[in-house]
Amino acid sequence: MHNKDFFLFDNLNMRDFGIFLQDVRGFDSVERDVEFISVPGKSGDVLIDNERFKNTKITYKCAIADGFRKRFTDFKAKISTKTGYRRLEDTINPDYYYMAALISPIAPDTYEEADVGIFNIEFDAKPQKWLKSGEASITNPSSIYNPTNYDAKPLIRLYGPGKLTIGSYSLRVDSSLTYSYVDIDCELMNAYRGKVNLNNYISGDFPKLEPGANTINWTGSSYTITPRWWTI
């Protein structure tokens with residue numbers, strides 16, 4: 001790590017406030033969500049896998065080497081407006097981004113005479129490392145290859161009614177749909193166009209892109225798919 005490394009939180013760039021990174025922790029600390037239950041008379045706990053990963057903490061150790069008071073005050077005021085989960089990315093892992101929330105207070109250690117300060121910024125992040133390559137939309141592919149070890153839940157735009165088949169998953173758009181297209185968010189399990197709910201016009205499965213090759217067939221006019229690859 002060197003002084004050119006930086007992070008962006010919901011497009012807020014720390015460099016605009018004269019902040020540079022000294023260290024970062026937490027990228028490799030994802031924990032699977034499991035429960036251990038002790039049963040009387042049975043040696044060894046029963047393990048229940050909840051089929052999910054827990055949130056993780058990502059901590060950036062930061063410093064401002066000049067004009068600390070004003071820069072830190074401006075930065076703290078700005079970043080405090082970013083509520084809920086927001087996009088977090090940095091130059092240390094340039095191919096990925098996280099969805100994270102700023103929860104903990106930011107308390108600096110200051111050196112008054114030099115107007116210098118250091119401080120930690122701790123984010124509570126969802127466990128997924130989202131691949132930036134998975135943000136690109138692909139038009140009318142007959143197959144798509146998932147390069148990760150995890151099922152991806154894509155965003156799909158379908159033009160016209162028809163039947164979509166991805167591997168073993170099948171989804172149908174009813175012929176009564178009067179809109180030119182419908183967006184299918186397989187993560188949220190929702191069909192819509194803009195703010196209009198179109199779930200009544202679809203039936204079947206919300207497709208997943210399984211690891212490896214996925215064959216795709218769409219009987220409508222055309223479609224685009226944004227795969228949204230992720231790993232841990």
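On a predicted model such as this, the values are computed, not experimentally measured, just so you know. All heavy atoms count here, side chains included; hydrogens, waters and symmetry mates do not.
- Hydrophobic clustering of Ile, Leu, Val, Met, Phe, Trp and Tyr side chains at less than 4.5 Å, counting indirect connections, keeps Tyr169 apart from Ile156.
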Give the table of side-chain donor-acceptor pairs shorter than 3.5 Å for residues 125-133, with sequence neighbours excluded, one pair per line with atom names and distance.
{"from": "Lys132", "atom 1": "NZ", "to": "Glu89", "atom 2": "OE1", "distance (Å)": "2.7"}
{"from": "Lys132", "atom 1": "NZ", "to": "Pro94", "atom 2": "O", "distance (Å)": "3.1"}

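- The number of heavy atoms from other shown groups lying within 6.0 Å of NZ (Lys57) is above 12.
- Rounded to the nearest 0.5 Å, atoms CG (Asp23) and OH (Tyr60) are 11.5 Å apart.
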Test side-chain contact (heavy atoms from CB on, under 4.5 Å) applied to Ile19 and Phe6, step by step: CA-CA 8 Å; Ile19 300 171; Phe6 62 94; over 6 Å; no

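- There is no path of hydrophobic side-chain contacts, each under 4.5 Å, that joins Ile144 to Leu155.
- Lys82 NZ: more than 12 foreign heavy atoms inside a 6.0 Å radius.
- When every heavy atom of Thr165 is checked against every heavy atom of Lys163, the shortest pair comes out as OG1-CE, 3.9 Å.
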I would like to know whether Val182 and Tyr201 meet side-chain contact (heavy atoms from CB on, under 4.5 Å); could you show each step before the answer? CA-CA 9 Å; Val182 56; Tyr201 294 93; over 6 Å; no

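- In terms of heavy-atom proximity, Ala152 sits nearest to Trp229 at CB-CE3, 3.7 Å.
- Here Ser137 pairs with Thr226 under the side-chain hydrogen bond (donor to acceptor under 3.5 Å, both in side chains) rule; sequence neighbours left out.
- With sequence neighbours excluded, the residues satisfying salt bridge (charged side-chain N to carboxylate O under 4.0 Å, His left out) with Glu31 are Lys54.
- In terms of modelled atom types and a separation under 3.5 Å, the side chain of Thr81 and the main chain of Lys78 share a donor-acceptor contact.
- Note on Val34 and Ile232: separate hydrophobic clusters, where clusters join Ile, Leu, Val, Met, Phe, Trp and Tyr whose side-chain heavy atoms are under 4.5 Å apart, directly or indirectly.
- Applying the salt bridge (charged side-chain N to carboxylate O under 4.0 Å, His left out) test to pairs two or more places apart or on separate chains, none has a residue in residues 94-103.
- Rounding to the nearest 0.5 Å places CZ of Phe17 at 9.0 Å from CD1 of Ile64.
- Of the inter-residue distances, the one linking Phe36 atom CZ with Leu47 atom CG reads 4.5 Å to the nearest 0.5 angstrom.
- Using a 4.5 Å heavy-atom threshold, the side chains of Pro141 and Tyr223 count as touching.
- Identified under the salt bridge (charged side-chain N to carboxylate O under 4.0 Å, His left out) test for residues 204-213, with sequence neighbours left out: none.
- Applying the salt bridge (charged side-chain N to carboxylate O under 4.0 Å, His left out) definition to pairs two or more places apart or across chains, those involving residues 217-232 are Asp185-Arg228.
- Of the possible polar contacts, none joining the Asp10 side chain to the Leu12 backbone as a donor-acceptor pair under 3.5 Å is found.
- Checked against ring pair (Phe, Tyr, Trp, His ring centres under 6.0 Å), Phe53 has no partners two or more places apart in sequence or in another chain.
- Arg71 places a side-chain N or O within 3.5 Å of a backbone atom of Asp66 that can act as its donor or acceptor partner.
- For Lys70, the side-chain contact (heavy atoms from CB on, under 4.5 Å) criterion is met by Asp74, not counting sequence neighbours.
- Asn93 meets the side-chain contact (heavy atoms from CB on, under 4.5 Å) test with Phe27, Asp90, Tyr96; sequence neighbours excluded.
- Note: Phe75 and Phe119 have tilted aromatic rings, judged against thresholds of 30 and 60 degrees for the angle between ring planes.
- When hydrophobic clusters are built by joining Ile, Leu, Val, Met, Phe, Trp and Tyr residues whose side-chain heavy atoms come closer than 4.5 Å, directly or via intermediates, Leu171 is not grouped with Leu188.
- The CG atom of Asn120 sits 7.5 Å away from the SG atom of Cys62 when rounded to the nearest 0.5 Å.
- Distance CG/Asn214 to CG/Leu209: 5.0 Å, rounded to 0.5 Å.
- Contact between Asp49 and Arg32 at its shortest, heavy atoms only, is OD2-NE, 2.8 Å.
- Enclosure of atom OH in Tyr179 is not indicated, since only 12 or fewer non-hydrogen atoms of other residues, nucleotides or ligands lie within 6.0 angstrom.
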After noting the C-alpha distance and the side-chain angles of Ile216 and Leu164, does the key distance pass the side-chain contact (heavy atoms from CB on, under 4.5 Å) rule? CA-CA 7 Å; Ile216 305 176; Leu164 174 70; 4.0 Å; yes

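- Arg157 meets the side-chain contact (heavy atoms from CB on, under 4.5 Å) test with Tyr159, Tyr181, Asp183, Thr224; sequence neighbours excluded.
- One finds the OG atom of Ser176 at 9.0 Å from the CG atom of Asn200 (value rounded to the nearest 0.5 Å).
- Residues Ile106 and Ile103 do not share a hydrophobic cluster, defined by chaining ILVMFWY side chains whose heavy atoms lie under 4.5 Å apart.
- Listed by chain and number, the residues in a side-chain contact (heavy atoms from CB on, under 4.5 Å) with Asn50 are Asp33, Glu35, Ile48, Arg52 (sequence neighbours excluded).
- Looking at residues two or more places apart in sequence or on another chain, you find a side-chain hydrogen bond (donor to acceptor under 3.5 Å, both in side chains) between Ser38 and Asp45.
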